[in-house]
> 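Have a look at this one.
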Amino acid sequence: MADRATEKKWEALSPFELKNELIDLAKDNKAAHTMLNAGRGNPNWIATEPREAFFLLGSFGLAESRRTWSEFEGLGGMPAQEGIAGRFGAFLDDNRDRPGAELLRKSVEYGTSTLGFDADAFVWELADAIIGDHYPEPDRMLHHAERIVHAYLVQEMCAGQAPAKPYDLFAVEGGTAAMCYIFDTCVINGILRPEDTIAIMTPIFTPYLEIPHLERYQFKTVEISATKMNKDGLHTWQYDQAELDKLADPNVKALFLVNPSNPPSVMLAQESLDHIENIIATSNPDLTIITDDVYGTFVNGFRSLMSTAPRNTIGVYSFSKYFGCTGWRLGVIAVNQDNIFEGKLAGLPQSDKDRLSDRYSTISLDPAGIKFVDRLVADSRQVALNHTAGLSLPQQVQMSLFSLAALLDTDDTYKKTCQAVIARRLKALTEGMGVPLPDDPLAARYYVELDILNYVEKTWGKEFAGWLEQNFEPVDPVFRLAEKGSVVLLNGGGFDGPEWSVRVSLANLAQDDYAQIGTWLREVVEGYKAEFDKS
């Protein structure tokens, strides 16, 4: 068993680095049949129909390439636009029984009838993009793809309530790239400056705690902690108004959050959304909000701050978790066309304006007029390579097909299935632990954060809880789980949550595994209790 000094050394690192040590411990456990790594966020399901449509569409794209030019073996041409919608209709008729054909047929119908697309232009974009024979044009995002993903974001991030002005979207290589691009462009363009104060809603995904302190940013941070408890003394992972009121200080230049949260996986309550909106209206109108909403699709009626405070918010969404496509690297940045960022750029000191005009002078005759979202695109490619910016076209096609699958699923069958899978796993976990199943309509339940010390105190009293704190490191439970049952969990303290909490991913293991994890968690706590009784 790892000694306390070793545990103390490891708990100073990111939980994702600690995880590697735990994996080594779990692998060394010869008595365990299989390592159960519930520290990973990668889901163990995939959305099949949008992928089937993608591969069938690829067959059509290749047929169109050969139709255009088949003079040489192994060499095709570029799909031609004229009449392509008719040819696609015939192709789908010939392949009506193949997986994905029905989604493609309905997608073209949705694009033309609901979004008003020209059929040939839409189908040509799909066929040409899946072949990937051009640089992205426009470089920020393909025209039809942007409209489709916009409709998806309104449905899933805004509870179906479209903003007064639409969003400009930038398709990027997952949520990770989105965050890197946003922070860089905000600093380059004086939206945020080194040593500015930013607020972070905690607990939060650990890299988002680390990024602000990197040498290139050096932000000062204020934490807004989810301190609310319910009448039973359990965490709700919501925020008291006193915590949110920290945002009223105009010296706080930005708010950074994951919603629903990671690791608690709980959506911001409507009262918190309203309170933040009121703070912006009355006390801190220039507050920049950066929200990562990757888990929003797992909560019915989810609303993002990009919906309730669209002028101030830069929204980030990744398709990775909901559709099981972390390897595709599909994300999008959303900036409302009515935003505070253009005003911030216009209000910069002349020295900054001159510096930025020089920076962007090679890509526009009016560099001062380049919108904030288009600066994101240029900065993502060091400006000089702006003409080759943008997410690869096949990736944009798959993003569009994921979006269309959700838009056309009017009964939310896919969503309900994903939610049911997670709910079964949570039930197995809590039954294994011997604790009640929590009921929270705001919970995505992609992860759960379990506060072991709170559980100990409520079950056995403060004396035992105090003894536990005095004699063990907060990461000791995750070490014991790795050594006892080859179970890998992440320590919640590394997310700036309660130090004695653990994060369990409900996305990546079989249902029976969660029952076993729950049982071993209970046995670990009972082991502490036995040691306490002997002492």
Side-chain angles (χ1 to χ4, degrees), residues 16 19 36-58 99-100 102-104 107 130 145 148-149 152-153 155-157 171-178 205 258-263 265 267 292-300 302 316-332 391-392 394-409 411-426 428-429 443-448 488 490 503-514:
F16 296 98
K19 178 186 68 175
L36 302 179
N37 185 355
R40 300 180 69 232
N42 195 95
N44 63 352
W45 67 77
I46 66 164
T48 54
E49 189 179 20
R51 287 173 166 88
E52 291 165 344
F54 178 88
F55 291 115
L56 183 58
L57 178 63
E102 184 64 9
L103 176 57
L104 289 174
S107 294
I130 205 162
I148 291 164
V149 175
Y152 171 74
L153 293 179
Q155 174 177 291
E156 299 294 343
M157 300 291 102
V172 295
E173 305 87 342
T176 303
F205 184 50
V258 177
N259 182 29
S261 50
N262 178 3
S265 204
M267 167 189 163
D292 178 350
D293 298 332
V294 61
Y295 306 104
T297 41
F298 294 93
V299 181
N300 294 328
F302 175 76
V316 172
Y317 178 72
S318 167
F319 291 75
S320 60
K321 304 301 194 296
Y322 192 48
F323 295 101
C325 62
T326 53
W328 261 111
R329 313 308 300 138
L330 303 179
V332 65
L391 186 66
S392 81
Q395 286 173 286
Q396 293 195 46
V397 171
Q398 185 67 90
M399 184 187 294
S400 299
L401 291 171
F402 284 139
S403 298
L404 285 161
L407 289 164
L408 292 165
D409 183 10
D411 293 328
D412 277 339
T413 301
Y414 181 81
K415 182 190 293 282
K416 291 172 183 174
T417 301
C418 291
Q419 291 172 330
V421 167
I422 290 174
R424 290 193 314 173
R425 294 172 181 181
L426 178 60
L429 178 71
R445 291 174 172 162
Y446 194 90
Y447 308 107
V448 290
V488 178
L490 299 189
R503 185 187 86 161
V504 184
S505 168
L506 294 169
N508 70 318
L509 295 173
Q511 182 177 337
D512 290 345
D513 294 333
Y514 290 102

> For S318 and G174, indicate whether the former's side chain and the latter's backbone hold a donor-acceptor pair under 3.5 Å.
no
> Check the pair L330, L391 against side chain to side chain contact (heavy atoms under 4.5 Å, CB included), reporting the backbone distance first and the verdict last.
CA-CA 9 Å; L330 303 179; L391 186 66; 4.3 Å; yes
> Check whether any side-chain heavy atom of N259 lies under 4.5 Å from a side-chain heavy atom of F302, and answer yes or no.
yes
> About how many Å separate CG of L36 and CG of N508, when rounded to the nearest 0.5 Å?
9.5 Å
> Got a second to check how far E102's CD is from L408's CG, nearest 0.5 Å?
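Answer for the CD-CG pair, E102 versus L408, is 9.5 Å.
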> What pair of heavy atoms forms the shortest contact from P99 to L56, and how long is it?
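Closest approach of P99 to L56: O-CD2, 3.9 Å.
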> Decide side chain to side chain contact (heavy atoms under 4.5 Å, CB included) for Y317 and E156; before the verdict, give the C-alpha distance in whole Å, the side-chain angles of both, and the deciding distance to 0.1 Å.
CA-CA 10 Å; Y317 178 72; E156 299 294 343; over 6 Å; no
> Identify the two heavy atoms, one from P263 and one from Y447, that lie closest to each other, and give their separation to 0.1 Å.
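That closest heavy-atom pairing would be O-CB, 3.1 Å.
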> Which heavy atom of S320 sits nearest a heavy atom of V294, and at what distance?
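Closest heavy-atom pair between S320 and V294: OG-CG2, 4.1 Å.
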> Considering residues, nucleotides and ligands other than N42, do more than 12 of their heavy atoms fall under 6.0 Å from its CG?
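Atom CG in N42 is packed in, count exceeds 12.
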> May I have the step-by-step check of side chain to side chain contact (heavy atoms under 4.5 Å, CB included) for V149 and F319, ending in yes or no?
CA-CA 11 Å; V149 175; F319 291 75; 4.1 Å; yes
> Hey, what do you get for CG (L429) to CG (D513), rounding to the nearest 0.5 Å?
11.5 Å
> Would you say N262 and R503 make side-chain contact, with heavy atoms under 4.5 Å?
yes
> What distance do D412 atom CG and Q419 atom CD have between them, rounded to the nearest 0.5 Å?
8.0 Å
> Looking at CE of M399 and CZ of F54, how far apart are the two atoms once the value is rounded to the nearest 0.5 Å?
12.0 Å
> Could you go through F205 and Y295, starting from their C-alpha distance and side-chain angles, then the distance that decides it, and tell me whether this counts as ring-ring contact (aromatic ring centres under 6.0 Å, His included)?
CA-CA 12 Å; F205 184 50; Y295 306 104; 8.7 Å; no
> Within the 4.5 Å heavy-atom criterion, are P43 and Y446 side-chain neighbours or not?
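Side chain of P43 against side chain of Y446, heavy atoms only: contact under 4.5 Å found.
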> Specify the closest pair of heavy atoms between G41 and A507, including all atoms of both residues, with the distance to one decimal.
O-CB, 4.5 Å
> Identify the two heavy atoms, one from D409 and one from K415, that lie closest to each other, and give their separation to 0.1 Å.
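Between these two residues, the closest heavy atoms are OD2-N, 4.3 Å.
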> Any side-chain heavy atom of L509 sitting closer than 4.5 Å to one from R425?
no
> Return the minimal non-hydrogen interatomic distance between A53 and L103, and the atom names on each side.
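Scanning both residues, the minimum pair turns out to be CB-CD2, 3.9 Å.
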> First locate atom OG of S392, then atom CZ of R329, and finally report the distance between them rounded to the nearest 0.5 Å.
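The CZ atom of R329 is 12.5 Å from OG of S392, to the nearest 0.5 Å.
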> Could you go step by step and tell me if W328 and R51 meet the side chain to side chain contact (heavy atoms under 4.5 Å, CB included) rule?
CA-CA 11 Å; W328 261 111; R51 287 173 166 88; 4.2 Å; yes
> Taking the six-membered ring for Trp, are F402 and Y322 ring centroids under 6.0 Å apart?
no
> Heavy atoms, side chains only, cut-off 4.5 Å: are L401 and L104 in contact?
yes
> What is the ring orientation for Y414 with F323, classed by angle as parallel under 30°, tilted 30 to 60°, or perpendicular over 60°?
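It falls in the parallel class, under 30°.
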